[in-house]
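Heavy atoms only: backbone and side chains are in, while hydrogens, waters and symmetry mates are out. Lettering follows sequence order; numbering is per chain, from 1.
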Amino acid sequence: MRVILPDSTELELPDGATGLEAAAAIGPKLAEQAVLVRSNGEVKDLRQPLDDGERIQILTTRDTADPDALAVLRHSSAHLLAEAVRRLYPGVKIAIGPPIDNGFYYDFDFPEPIVEDDLERIEEEIRRELSEGRAWERQEVAREEARRRFAEEDESYKVELVEAAEEPISFYTQGDFTDLCRGPHLQDSRPIKALKLTGLAGAYWRGDEKNPQLTRIYGTAFYSQGDLDQYLERVEEAKRRDHRRLGPQLDLFHFSTHSPGSPLWHPNGTVIWNELEQLRSRENGKRGYQEVRTPIIYDSDTFWTSGHFPKYEDLMFKLDVRGQEFAMKSMNCPGHMLLFGSRPRSYKELPLRFSEAAPLHRDELPGTLHGLLRVRIVTQDDAHIFCTEEQIQDEIASCVAQARYLYELFGLEASAELSTRPGNKIGTDEQWDMTEAALEEAIRLNEIPYTISPGEGAFYGPKIDLFMDDALGRKWQMGTIQLDSQMPSRFGLTYVGADNTEHELYVVHRALYGSFERFIGILIEHYAGDFPYWLAPVQVRVLPVQDDHRATAGEIVGKLKDAGVRAEVDERDETVGKRIREAELEKIPYVIVFGDRESEDSLAIRARGGTQSTQSLDDFVAGLLPPP
RNA sequence: GCCGGGGUAGCUCAGCUGGCAGAGCAAGGCUCUUGUAAAGCCUAGGCCGCGGGUUCGAGUCCCGCCCCCGGCUCCA
């Protein structure tokens, strides 16, 4: 048989040859450094036979940054971790141990709980394994045999996995440790040059909180110590961008234990909020949205009608109002439904787009709160578009386009997730075909990378969720665009068509920032606090050099303010160097130093970061960019 | 909510096996009249997260609670 190499040359091999044999046929050094085979985007273990005509690429220990090469290294590292834990903690049960984005983990069921300090001795044990050296053997076994072996060892989680495992079922053995595993794995442990256990956490078996909680040990591994050092440095750098650190530091907001999960916005943070609010208002205005204001609290009947109580009751704050139960809204839909239903509606009014940025209160579980990214007061840039069936496609497309425009404005990169029909859907398959296709087309048209989550849509319609990463690479849902016919019918809403009869009404729920809180959190990390000029809380600071420059500096600030610039003077009795340093730490876009050498026709402008120029006041103001 | 780690001055942190609570920066005062990332001197600042317990004595040990951090679950 023959296989095709990356440079398109063909390699003649005996039938059934493995990746390792292919590597050996090319050169002994390649065989020594090989870690896995990639063919058509899939990865294969070196010990598995190749197919005739297969296009293959052999990855080696020198492909240190290749995601597949790293994954295999980390997967093998996870097995070393399991081996170590099994030796150190008799009676432990092992669950699963996959590679993940920045490392790997393995889940265990310990007879006695372990603590963080235990990681050190486990890591030592792994180091010992590494110095002894380990090699991986692959073995394919019958399901019954696999089940028997794990049952004998009392590895109940593995028995469960065997039931669900796809054929062929394979085992990998290193040292005296054998694990059920699809592979691929390294040939031996020599390429693992750097390994570190990074954390300890609880994790539910199979991700279901009804299942027992296991102990997850996180780690990471690299082909070189330098790569590990670099990775740790990147993590440190990311921590410096953390909005929970920068927010209070830049005097944007803080959290108080008197209202957990609800930020208190300082003047600086409020400036940013208001700029975003105005942007929202301008953009919605251009697209035919109408601003509305609806109540924060409603009686319980409303939430039974809307369907929020059956599903979200335990995350809603409830109130006793003179013996009657009320609740604070966790979404704007009910108010907008009531507003729409205040009088009969004609097809001539549709589409009708109501927008409102009202605070929503959600009683999120304490353990889930996370700075601005997960809060109990959520201010969505919400809107509900009431429309006919024929208008759905255009309205969805327009929402996605607006989201894309918005994100590009900030240089943010989003990814989308399309959630399709669930098992308990209502409506016909033809309707779902139509609406799912409409949503997918809108995403594709706007060139947003996306994945499909089959069955994750609401029972009344499919949805698009838009995600972004924080500084540490964690994904957060931002915008959401959801199609719905259920809510209007729950509130008995229809419209009168040209034929003078009532018709089924559709509504598109959409938020594009997602929430102001989360969006600002992401922006802080995205810019690392260096906001673009139009968002910067203080845009220009003027520093008089000596006392007798204060008067003129004050006049310059006055003129800047008249021109709409957020300017202030820093006339504190500190050296110029100190005041510049502080302006830099506060990340103010422009500093103007004003002394004997300057005049209004010739100002010394220092841009954030240190570049200096000389400009007249008028030229400087003319060069400032207005908000988008 | 669950697993693990934390909470000491406005901020960053030290405080060994229980024995008078500390540093740097920030703040306030004074001196200096200042030129593109930190002038000098002085001063003040603490319910050691909250509540209970053990002890002659608790920041330190034990129990409960709150909040924060890393995850899980959940979610904009």
Subject >> Test of ring centre spacing under 6.0 Å for A:F354 and A:F386 >> reply: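 Ring centroids of A:F354 and A:F386 are less than 6.0 Å from each other.
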**OP:** Measure centre to centre between the rings of A:F108 and A:Y89, then say whether the value is under 6.0 Å.
**Re:**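 Between A:F108 and A:Y89, the centre distance exceeds or equals 6.0 Å.
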Subject >> Which residue lies more 5' along RNA chain B, comparing A:R474 with A:H549 via nearest heavy atoms >> reply: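 It is A:H549 whose nearest nucleotide is closer to the 5' end.
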**OP:** Please figure out whether A:D465 or A:F255 has its closest RNA chain B nucleotide nearer the 5' end.
**Re:**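 On the 5' side of the pair lies A:F255.
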At 4.0 Å (heavy atoms only), tell me whether [X] reaches a base, stays on the sugar-phosphate, or touches nothing.
{"X": "A:R376", "result": "nothing"}
{"X": "A:T257", "result": "sugar-phosphate"}
{"X": "A:G610", "result": "nothing"}
{"X": "A:Q546", "result": "base"}
{"X": "A:E584", "result": "base"}
{"X": "A:Y105", "result": "nothing"}
{"X": "A:G595", "result": "base"}
{"X": "A:R216", "result": "sugar-phosphate"}
{"X": "A:E517", "result": "nothing"}
{"X": "A:R244", "result": "sugar-phosphate"}
{"X": "A:V576", "result": "sugar-phosphate"}
{"X": "A:V375", "result": "base"}
{"X": "A:V593", "result": "base"}
{"X": "A:Q612", "result": "base"}

Give none if [N] has no partner; otherwise give the nucleotide forming a Watson-Crick or G-U wobble pair with it, both distances under 3.5 Å.
{"N": "B:G51", "result": "B:C63"}
{"N": "B:G70", "result": "B:C3"}
{"N": "B:U43", "result": "B:A27"}
{"N": "B:U33", "result": "none"}

Please confirm whether [X] makes a cation-pi placement over [Y], using NZ or CZ under 6.0 Å from the six-membered ring centre and within 45° of the ring normal.
{"X": "A:R74", "Y": "A:F222", "value": "yes"}
{"X": "A:R606", "Y": "A:F620", "value": "no"}
{"X": "A:R376", "Y": "A:F255", "value": "no"}
{"X": "A:K318", "Y": "A:F309", "value": "yes"}

Subject >> A:T575 side-chain N/O to B:A39 phosphate OP1/OP2 under 4.0 Å >> reply: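 Answer yes for this pair, as a side-chain N or O of A:T575 is under 4.0 Å from OP1 or OP2.
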**OP:** Compare side-chain N and O positions of A:R606 against OP1 and OP2 of B:G35 and report whether any pair is under 4.0 Å apart.
**Re:**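 For B:G35, neither OP1 nor OP2 has a side-chain N or O of A:R606 closer than 4.0 Å.
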Between [X] ([atom1]) and [N] ([atom2]), how many Å, whole number?
{"X": "A:F108", "N": "B:G71", "atom1": "CZ", "atom2": "P", "value": "19 Å"}
{"X": "A:H370", "N": "B:A76", "atom1": "NE2", "atom2": "P", "value": "17 Å"}
{"X": "A:R374", "N": "B:C75", "atom1": "CZ", "atom2": "P", "value": "8 Å"}
{"X": "A:Q477", "N": "B:A76", "atom1": "CD", "atom2": "P", "value": "5 Å"}
{"X": "A:I605", "N": "B:G35", "atom1": "CD1", "atom2": "P", "value": "19 Å"}
{"X": "A:D470", "N": "B:C75", "atom1": "CG", "atom2": "P", "value": "19 Å"}
{"X": "A:L197", "N": "B:G71", "atom1": "CG", "atom2": "C1'", "value": "15 Å"}
{"X": "A:W205", "N": "B:C3", "atom1": "CH2", "atom2": "P", "value": "20 Å"}

Subject >> Shortest side-chain distance from A:T368, nucleotide among B:A76, B:U73, B:G5 >> reply: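 Nearest listed nucleotide: B:U73.
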**OP:** Grab the two heavy atoms, one from A:I396 and one from A:A442, that are nearest each other, plus how far apart they are.
**Re:**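 Minimum heavy-atom separation between A:I396 and A:A442: CG2-CB, 4.1 Å.
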Original post:
If you look at every heavy atom in A:V375 and A:V378, which pair is closest and at what distance?
Top reply: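 Nearest heavy atoms, A:V375 then A:V378: O-CG2, 4.0 Å.
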Using the [atom1] atom on both, measure [N] against [M] and round to a whole Å.
{"N": "B:C75", "M": "B:U17", "atom1": "C1'", "value": "47 Å"}
{"N": "B:G6", "M": "B:C13", "atom1": "C1'", "value": "13 Å"}
{"N": "B:U54", "M": "B:A44", "atom1": "C1'", "value": "37 Å"}

Subject >> Point-to-point distance, once rounded to the nearest 0.5 Å, from CZ of A:R245 to CG of A:L250 >> reply: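 A:R245 atom CZ to A:L250 atom CG measures 10.5 Å (nearest 0.5 Å).
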Subject >> Straight-line distance of A:T480 OG1 to A:D382 CG, nearest 0.5 Å >> reply: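 Interatomic distance, A:T480 OG1 to A:D382 CG, rounded to 0.5 Å: 9.5 Å.
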Could you run down the sub-3.5 Å N/O contacts of the protein with nucleotides 23-26 of chain B?
residue	atom	partner	partner atom	Å
B:A26	OP1	A:K578	NZ	3.1

